[in-house]
Enquirer: 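Take a look at this one; I'll ask things after.
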Amino acid sequence: MNIKNYIWDFDGTLFDTYPVMLSALKQAITKHGIQYDCELERFVKEKSIRQFADQYGTQAFLDDYHQIETELQQAPTYYPEIPMILKTIVKRGGQHFVVSHRDDKTYAYLGELRPLFTEIITSDHHFARKPNPESLCYLIDKYQLDRNETVMIGDRPLDILAGQHAGIKTILFDEAAIFSKQQLKADAIVTTWEDFKNEY
């Protein structure tokens, strides 16, 4: 791929936040006595926590989850390879963006990495949620990004679908090897950031 513009998902892509997210989800499930018949991590990866709440819970359950997750997610950490990947791409003339379903706490979580991003889109921008491509198309139009040189990178089908709907390339980060390339038709799948660093 000849890529210059990298649009990144945040949770489970740049930052290893899923362990805390799943812990918060389990606490909210226990608090609300939710009954469910799915494997939690797979459900959250394949769909979303919001969809879990829609299917099994209530808005109050979702609100409690967010509160618990915020309290627990005190110091989220990026994947170790991420800083070098970001800096290497910038040095060769590339640029980075974030499109996250998180709120503006994303800025604080990014910390020292924040200056490496041209723009950061959060839920507080009120764009339609992925897989709707509205936020990606906003970035493409604002910065006049060449779609052939732009990629969406994320860990879930909704990220890949958003990229496909926006007409750009896609890379799936599938750390748990849940998905297949045939299943999602992503342009590429990586299971470790070391692999990504060596190829992209």
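All values below were derived from every heavy atom in this structure, side-chain atoms included, with hydrogens, water molecules and symmetry-related copies excluded.
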Enquirer: Within the supplied structure, the quantity of interest is the number of heavy atoms (other residues, nucleotides, ligands) at a distance under 6.0 Å from Gln35 CD; does it exceed 12?
Expert: no
Enquirer: Going through the checks in order, is the salt bridge (Lys or Arg N to Asp or Glu O under 4.0 Å) test met by Asp159 and Lys130?
Expert: CA-CA 6 Å; Asp159 298 307; Lys130 297 174 287 187; 2.8 Å; yes
Enquirer: Pair Glu149, Ile3 - check side chain to side chain contact (heavy atoms under 4.5 Å, CB included), show working.
Expert: CA-CA 4 Å; Glu149 298 178 340; Ile3 302 298; 5.6 Å; no
Enquirer: Could you see if Ile153 belongs to whatever hydrophobic cluster contains Ile140? Use Ile, Leu, Val, Met, Phe, Trp, Tyr and a side-chain cutoff under 4.5 Å.
Expert: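 In one cluster with Ile153: Ile140, no.
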Enquirer: To the closest 0.5 Å, what do you measure between CZ (Arg147) and CD1 (Ile168)?
Expert: 8.0 Å
Enquirer: Assess the residue pair Val44 and Glu41 against the criterion (side chain to side chain contact (heavy atoms under 4.5 Å, CB included)); give the C-alpha distance rounded to whole Å, side-chain angles, the decisive distance to 0.1 Å, and a yes or no.
Expert: CA-CA 5 Å; Val44 170; Glu41 182 174 7; 5.9 Å; no
Enquirer: Between His165 and Pro131 (side chain of the first, backbone of the second, donor and acceptor by atom type, cut-off under 3.5 Å), is there such a pair?
Expert: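 Here the side-chain-to-backbone pair exists.
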Enquirer: Quick check on the hydrophobic clustering: are Leu62 and Val20 connected, directly or via other members, by side-chain heavy-atom contacts under 4.5 Å?
Expert: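 As far as the 4.5 Å side-chain criterion goes, Val20 and Leu62 are not connected within one cluster.
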Enquirer: Return yes if a side-chain donor-acceptor contact under 3.5 Å exists between Thr122 and Asp104, otherwise no.
Expert: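 Yes, Asp104 and Thr122 have a side-chain donor paired with an acceptor closer than 3.5 Å.
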Enquirer: With under 30° as parallel and over 60° as perpendicular, where do the rings of Tyr143 and Phe97 fit, or are they tilted in between?
Expert: tilted
Enquirer: Without swapping roles, check the side chain of His101 against the backbone of Arg129 for a donor-acceptor pair under 3.5 Å.
Expert: no
Enquirer: Below 30° counts as parallel, above 60° as perpendicular, anything between as tilted: where do the rings of Phe15 and Tyr78 land?
Expert: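 Perpendicular, since the angle between the ring planes exceeds 60°.
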Enquirer: What heavy-atom pair brings Leu25 and Leu40 nearest, and what distance separates the two atoms?
Expert: CD2-CD2, 3.9 Å
Enquirer: Distance check, rounded to the nearest 0.5 Å: Gln164 atom CD versus Lys169 atom NZ?
Expert: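 If we round to the nearest 0.5 Å, Gln164:CD and Lys169:NZ are 12.5 Å apart.
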Enquirer: Pick out which of Tyr65, Phe61, Tyr56 makes a ring pair (Phe, Tyr, Trp, His ring centres under 6.0 Å) with His32.
Expert: Phe61
Enquirer: Verify the cluster assignment for Val99 and Leu161: are they in a single hydrophobic cluster under the rule of side-chain heavy atoms below 4.5 Å apart?
Expert: no
Enquirer: Indicate if Phe173 and Leu113 have the same hydrophobic cluster label, given that clusters are the connected sets of ILVMFWY residues with side-chain heavy-atom separations under 4.5 angstrom.
Expert: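 Phe173 and Leu113: one cluster.
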Enquirer: Is there a path of hydrophobic side-chain contacts, each under 4.5 Å between heavy atoms of I, L, V, M, F, W or Y residues, that connects Tyr79 with Tyr6?
Expert: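 Looking at the clustering, Tyr6 is in the same group as Tyr79.
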Enquirer: Does any non-hydrogen side-chain atom of Gln55 lie less than 4.5 Å from one of Tyr36?
Expert: no
Enquirer: Just wondering, do Leu72 and Ile68 contact through their side chains at under 4.5 Å, heavy atoms?
Expert: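 The answer is yes, as the side chains (C-beta and beyond) meet within the 4.5 Å cut-off.
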Enquirer: Is there side-chain contact between Cys137 and Glu134, with at least one heavy-atom pair below 4.5 Å?
Expert: no
Enquirer: Ignoring hydrogens, what is the shortest heavy-atom contact between Leu136 and Ala166? Give both atom names and the distance.
Expert: CB-CB, 4.0 Å
Enquirer: Is the Phe10 ring parallel, tilted or perpendicular to the Tyr109 ring (thresholds 30°, 60°)?
Expert: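 Geometry flag for Tyr109 against Phe10: parallel rings.
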Enquirer: Nearest 0.5 Å, what's the CD1-OG distance between Ile121 and Ser135?
Expert: 6.5 Å
Enquirer: Taking all non-hydrogen atoms of both residues into account, name the closest pair between Phe179 and Pro157 and its distance.
Expert: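 Result for this residue pair: CZ-CD, 3.5 Å.
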Enquirer: Compute whether any side-chain donor of one residue and acceptor of the other, for Asp11 and Thr17, lie under 3.5 angstrom apart.
Expert: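 There is such a pair between these side chains.
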Enquirer: Can you tell me how far CD1 of Ile7 sits from CG of Leu139, rounded to the nearest 0.5 angstrom?
Expert: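 Leu139 atom CG to Ile7 atom CD1 measures 5.0 Å (nearest 0.5 Å).
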Enquirer: Do Glu81 side-chain atoms and Trp193 backbone N/O form a donor-acceptor pair below 3.5 Å?
Expert: no
Enquirer: Can you confirm whether Leu14 sits close enough to Val98 that some side-chain heavy atom of one is under 4.5 Å from a side-chain heavy atom of the other?
Expert: yes
Enquirer: If you take all heavy atoms of Phe52 and Cys38, which pair is closest and at what distance?
Expert: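 Taking every non-hydrogen atom into account, CE1-SG, 3.9 Å.
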Enquirer: Determine whether Ser23 and Lys26 satisfy the following criterion, side chain to side chain contact (heavy atoms under 4.5 Å, CB included), listing intermediate values before the conclusion.
Expert: CA-CA 5 Å; Ser23 177; Lys26 289 173 184 176; 5.9 Å; no
Enquirer: What distance do Met152 atom CE and Leu158 atom CG have between them, rounded to the nearest 0.5 Å?
Expert: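 So the gap between those two atoms works out to 8.5 Å.
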Enquirer: Dump the intermediate steps for side-chain hydrogen bond (donor to acceptor under 3.5 Å, both in side chains) on Tyr138 and Glu119, then the final yes or no.
Expert: CA-CA 11 Å; Tyr138 160 80; Glu119 186 162 351; 3.0 Å; yes
Enquirer: So, taking the atom named CD1 in Ile29 and the one named CG in Leu22, what distance separates them when rounded to the nearest 0.5 Å?
Expert: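 Result: 9.0 Å between the selected atoms.
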Enquirer: Which pair of non-hydrogen atoms, one from Pro115 and one from Gly111, has the smallest distance, and what is that distance?
Expert: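 Distance-wise, the nearest heavy atoms are CD-O, 4.0 Å.
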Enquirer: Main chain of Glu71, side chain of Gln74: is a donor-acceptor contact present, judged purely on distance under 3.5 Å?
Expert: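 Yes.
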Enquirer: Using a distance-only test with no angle check, is there a side-chain donor-acceptor pair under 3.5 angstrom linking Thr13 and Asp155?
Expert: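 Yes, Asp155 and Thr13 have a side-chain donor paired with an acceptor closer than 3.5 Å.
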Enquirer: Do the side chains of Trp8 and Ile82 get nearer than 4.5 Å, heavy atoms only?
Expert: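 Side chain of Ile82 against side chain of Trp8, heavy atoms only: contact under 4.5 Å found.
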Enquirer: Under a 3.5 Å threshold, yes or no: a donor from one side chain and an acceptor from the other, between Asp63 and Gln67?
Expert: no
Enquirer: Determine the minimum heavy-atom distance between Asp187 and Thr170, stating which atoms define it.
Expert: OD2-N, 2.8 Å
Enquirer: Mind checking whether Lys87 and Val90 have side chains closer than 4.5 Å, heavy atoms only?
Expert: no
Enquirer: Is Lys4 paired with Asp146 through a side-chain N to carboxylate O contact shorter than 4.0 Å?
Expert: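 No, Asp146 and Lys4 are not salt-bridged.
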Enquirer: In plain terms, say whether Glu69 and Arg102 are close enough for a salt bridge, that is, a side-chain N and a carboxylate O under 4.0 Å apart.
Expert: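 A salt bridge links Glu69 with Arg102.
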Enquirer: Does one side chain, of Asn5 or Gln95, offer a donor that lies under 3.5 Å from an acceptor on the other?
Expert: yes
Enquirer: Taking the six-membered ring of Tyr18, is the NZ or CZ of Lys45 close enough (under 6.0 Å from the centre) and on axis enough (within 45°)?
Expert: yes
Enquirer: Report the C-alpha separation of Thr106 and Ile120 in whole Å, then their side-chain angles, then the decisive distance to 0.1 Å, and conclude whether the side chain to side chain contact (heavy atoms under 4.5 Å, CB included) test is met.
Expert: CA-CA 8 Å; Thr106 305; Ile120 298 161; 4.2 Å; yes
